[in-house]
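Here is how names work: the chains are called A, B, and so on, in the same order as the sequence lines, proteins then strands, and each is numbered from 1.
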Amino acid sequence: MKNPIYITTSIAYANSKPHIGFAMELVEADAFNRYFSMMGYETYFLTGTDEHGIKQQKTAEELGIHPKELSDKNAQLFMELKDKLNLSYDNFIRTSDKEKHWPSVVQIWNKIKENGDIYKDKYEALYCNGCESFITEKELVDGKCPIHKKEPDKVSEENYFFRLSKYGKIIKKLIESKEIEIVPEFRAKEILNLIDKGLHDISFSRSKKTLYWGIPVPDDDTQVMYVWCDALTNYISGLGYAKNDEQYKKFWPNVIHVIGKDIVRFHTAIWPAMLLSAGVPVPKKIFVHGFITSEGHKMSKSLGNIIDPNDIIKIYGVDALRYYLLSEIPVGQDGDFSKKLFQERYISDLVNNLGNLLNRVLLMTKKYFGGSIPSIKTDVLEEYNKTWVSYIENMNNLYLNKASLVVFSFIDFLNKFIGDTKPWELSKKGDTESLSRVLKILLESLRHITRMIYPFIPETSLNMRKQLGLEEGIDLKYIGWEEVLNWEKIGEIKILFPRI
RNA sequence: CGCGGGGUGGAGCAGAGGCAGCUCAUCGGGCUCAUAACCCGAAGGUCGGCGGUUCGAAUCCGUCCCCCGCAACCA
């Protein structure tokens with residue numbers, strides 16, 4: 001076993017239902033998990049929901065239900081994604097879980113406090129009487145609440161603060177030396193720039209009067225923790241930090257945090273600062289993805305262009321969606337989701353290229369040899385070696401879309417290979433030896449393709465293996481080119497991707 | 001002069017000093033193992049504008065224009 005690798009997504013805010021952006025994050029993390037586990041690393045994959053906070057409390061009040069009820073309902077929708085998106089996570093953590101999550105949060109809070117980094121101060125904020133809640137400056141239109149057209153009041157309450165300012169310099173060093181590695185690199189530049197401007201201390205709690213739906217501050221029942229300590233700590237509570245669990249010791253801090261570009265600052269500044277203060281090692285790697293636009297526009301409720309991953313899956317199946325999200329959206333950058341482009345990629349890459357290749361190879365094997373190929377030595381394709389080398393390099397660098405491109409170039413190559421070797425002519429000539437060699441090369445190549453696509457489209461990978469007559473799981477045994485492997489019997493031949 | 005990303009054939013992207021490339025779409029041809037699939041070929045770009053460095057610039061420098069994020073309590 002190689003080094004353990006721990007993979008996390010951000011925890012989704014359980015305030016509304018999942019949309020395609022979060023689906024991308026889940027699927028990216030899932031691809032990393034499947035890849036590293038296939039390559040022999042011991043992995044642990046965590047996701048979950050963030051359920052506390054004023055917004056959650058407010059949404060529940062509007063619906064006339066308790067925040068707990070709303071959280072349960074929405075968390076359910078996120079948990080359903082495990083089957084819908086075919087996710088391989090090991091644990092799903094909910095911040096409302098008093099047994100699994102809260103003890104770790106309280107422990108981190110106490111350690112930070114013991115270290116003298118929590119203090120009381122006045123917190124000033126804008127409050128709209130109409131909304132009966134806090135409002136951020138960003139939400140204001142012309143300095144007024146956009147709903148009530150009223151200028152908000154400035155109110156202040158006494159809260160606990162975290163001495164974030166103390167950790168700017170050391171975090172800067174950790175990022176520069178790549179002890180905290182941020183991928184892609186331009187995101188690191190962004191955050192270093194912000195740190196240079198100086199980090200302010202942040203408010204770490206709210207009065208229980210404004211926020212009752214959260215984790216109580218230890219030894220002060222008038223205060224409830226604000227999002228930072230509560231939500232970010234999920235990454236270690238999910239491993240069993242407070243229990244000093246074996247899992248925690250094994251996997252922390254060898255982590256890849258998969259997050260969106262909107263929350264880079266929280267993960268590269270606030271989170272490491274909290275850990276430094278609490279005497280816990282900082283995370284190794286932070287992978288930042290971009291946003292998905294819908295038909296070229298930002299997704300928003302008012303435009304009505306929010307894409308529900310369920311709608312895509314219903315029509316095309318989960319792997320078509322996974323393929324698009326992982327192959328078509330450049331890693332780390334924004335990408336667009338358009339129905340037309342999606343349809344085009346589905347047809348050209350999955351139906352015509354991969355699906356048709358499998359189908360023609362299997363049908364020839366059946367037609368010319370009755371489904372089994374006699375033992376015969378084949379040379380390794382140069383293309384095969386090149387493909388694996390490039391695939392592994394890209395995957396290790398987390399460049400999913402480039403790795404996928406490499407695999408599909410190989411598929412392309414194999415389609416050309418059939419055109420060049422013309423098995424139908426070999427059959428007519430009665431050249432059984434050449435014919436069996438050609439088909440063996442194709443079958444063996446397809447076996448390797450099932451491995452390479454497994455992190456991206458696992459269901460298809462296993463489906464292909466069944467049709468090829470291979471073992472169900474992803475085999476770790478025959479990693480190299482099998483020169484004389486018998487092809488005993490192929491399975492039942494089915495269309496891999498239907499034409500839609 | 002806040003910070004960052006981007007502007008390359010119809011669409012989506014790659015290339016970061018030396019004949020402008022890939023995928024899709026289009027057009028022409030070929031093949032018949034295959035899901036009207038596959039293979040071969042062609043057309044299509046003054047690489048956002050202007051100026052400079054250089055024997056040579058999409059690539060380096062300057063300047064301007066346009067799009068998209070971030071700009072601290074937004075999950």
(request) Can you run down the ring pair (Phe, Tyr, Trp, His ring centres under 6.0 Å) pairs that involve residues 325-345 of chain A, sequence neighbours left out, and say none if there aren't any? (result) A:Y316-A:F342, A:Y324-A:F337, A:Y324-A:F342, A:F337-A:F342

If I take atom [atom1] in residue [X] and atom [atom2] in nucleotide [N], what distance separates them, rounded to the nearest angstrom?
X: A:Q467; N: B:U35; atom1: CD; atom2: C1'; result: 12 Å
X: A:I191; N: B:G69; atom1: CD1; atom2: P; result: 19 Å
X: A:D262; N: B:C3; atom1: CG; atom2: P; result: 22 Å
X: A:R206; N: B:C73; atom1: CZ; atom2: C1'; result: 6 Å
X: A:N401; N: B:G12; atom1: CG; atom2: P; result: 16 Å
X: A:N356; N: B:C38; atom1: CG; atom2: P; result: 6 Å
X: A:I263; N: B:A71; atom1: CD1; atom2: P; result: 12 Å
X: A:F337; N: B:C13; atom1: CZ; atom2: P; result: 15 Å

(message) Does B:C73 have its OP1 or OP2 closer than 4.0 Å to a side-chain nitrogen or oxygen of A:R265?
(response) no

(message) Walk along nucleotides 20-33 of chain B from 5' to 3' and tag each nucleotide B, S or - by protein heavy-atom contact under 4.0 Å, base first, then sugar-phosphate.
(response) ---SS------SSB

(request) Not counting sequence neighbours, list each pair that qualifies as a side-chain hydrogen bond (donor to acceptor under 3.5 Å, both in side chains) and has a residue in residues 398-419 of chain A. (result) A:S327-A:S404, A:N353-A:D412, A:N353-A:N415, A:R360-A:N415, A:D412-A:K416

(request) Determine which pairs satisfy salt bridge (charged side-chain N to carboxylate O under 4.0 Å, His left out) with at least one residue from residues 261-273 of chain A, sequence neighbours left out, and list them in order. (result)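 Residue pairs with at least one partner in residues 261-273 of chain A: A:K261-A:D334.
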
[X]: what forms a salt bridge (charged side-chain N to carboxylate O under 4.0 Å, His left out) with it, not counting sequence neighbours?
X: A:E382; answer: none
X: A:K494; answer: none
X: A:K173; answer: none

With rounding to whole Å, what would you report as the distance between [N] and [M] at their [atom1] atoms?
N: B:C66; M: B:U23; atom1: P; answer: 36 Å
N: B:U8; M: B:A57; atom1: C1'; answer: 14 Å
N: B:A11; M: B:C65; atom1: C1'; answer: 24 Å
N: B:U59; M: B:G48; atom1: P; answer: 8 Å
N: B:G45; M: B:U26; atom1: C1'; answer: 16 Å
N: B:U32; M: B:C39; atom1: P; answer: 15 Å
N: B:C19; M: B:A25; atom1: P; answer: 29 Å

Remember a base hit wins even if backbone is also touched, and classify [X] as base, sugar-phosphate or nothing at under 4.0 Å, heavy atoms.
X: A:K340; value: nothing
X: A:L199; value: base
X: A:Y226; value: base
X: A:I270; value: nothing
X: A:D201; value: base

(request) Could I get the full list of side chain to side chain donor-acceptor pair (under 3.5 Å) partners for A:D349, not counting sequence neighbours? (result) A:Y323, A:R345

(request) Of all the heavy-atom pairs spanning A:L77 and A:K17, show the shortest one and how long it is. (result) CD1-CB, 3.7 Å

(message) To check you understand the geometry: which heavy-atom pair defines the closest contact between A:H101 and A:D230, and what is its length?
(response)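 Closest approach of A:H101 to A:D230, heavy atoms only: NE2-O, 2.8 Å.
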
(message) What I want to find out is whether A:D50 reaches A:K55 closely enough, with some N-O distance under 4.0 Å, to be called a salt bridge.
(response) no

Check nucleotides 4-10 of chain B against the protein and report each pair of N or O atoms closer than 3.5 Å, with its distance, or say if there are none.
| unit_1 | atom_1 | unit_2 | atom_2 | d |
| --- | --- | --- | --- | --- |
| B:G4 | O2' | A:E190 | OE2 | 3.0 |

(message) So, using side-chain contact (heavy atoms from CB on, under 4.5 Å) as the criterion, who are the partners of A:A12 when residues are at least two apart?
(response)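 So A:A12 forms a side-chain contact (heavy atoms from CB on, under 4.5 Å) with A:F22, A:F78.
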
(request) Return the set of residues passing side-chain contact (heavy atoms from CB on, under 4.5 Å) with A:E383 (not counting sequence neighbours), or none when no residue passes. (result) A:K386, A:T387, A:F410, A:F413

(message) Only Watson-Crick and G-U wobble pairs with both distances less than 3.5 Å should count. Give RNA chain B in dot-bracket notation, marking inter-strand partners with |.
(response) .(((((((.[[[[.)..(..]]]].(((((.......))))).....[[[[[..)....]]]]])))))).....

(request) Report yes if the side chains of A:S71 and A:Q56 come closer than 4.5 Å at any heavy-atom pair, otherwise no. (result) yes

(message) If you assign A:I495 and A:F204 each to the RNA chain B nucleotide with the nearest heavy atom, which residue ends up on the more 5' nucleotide?
(response) A:I495

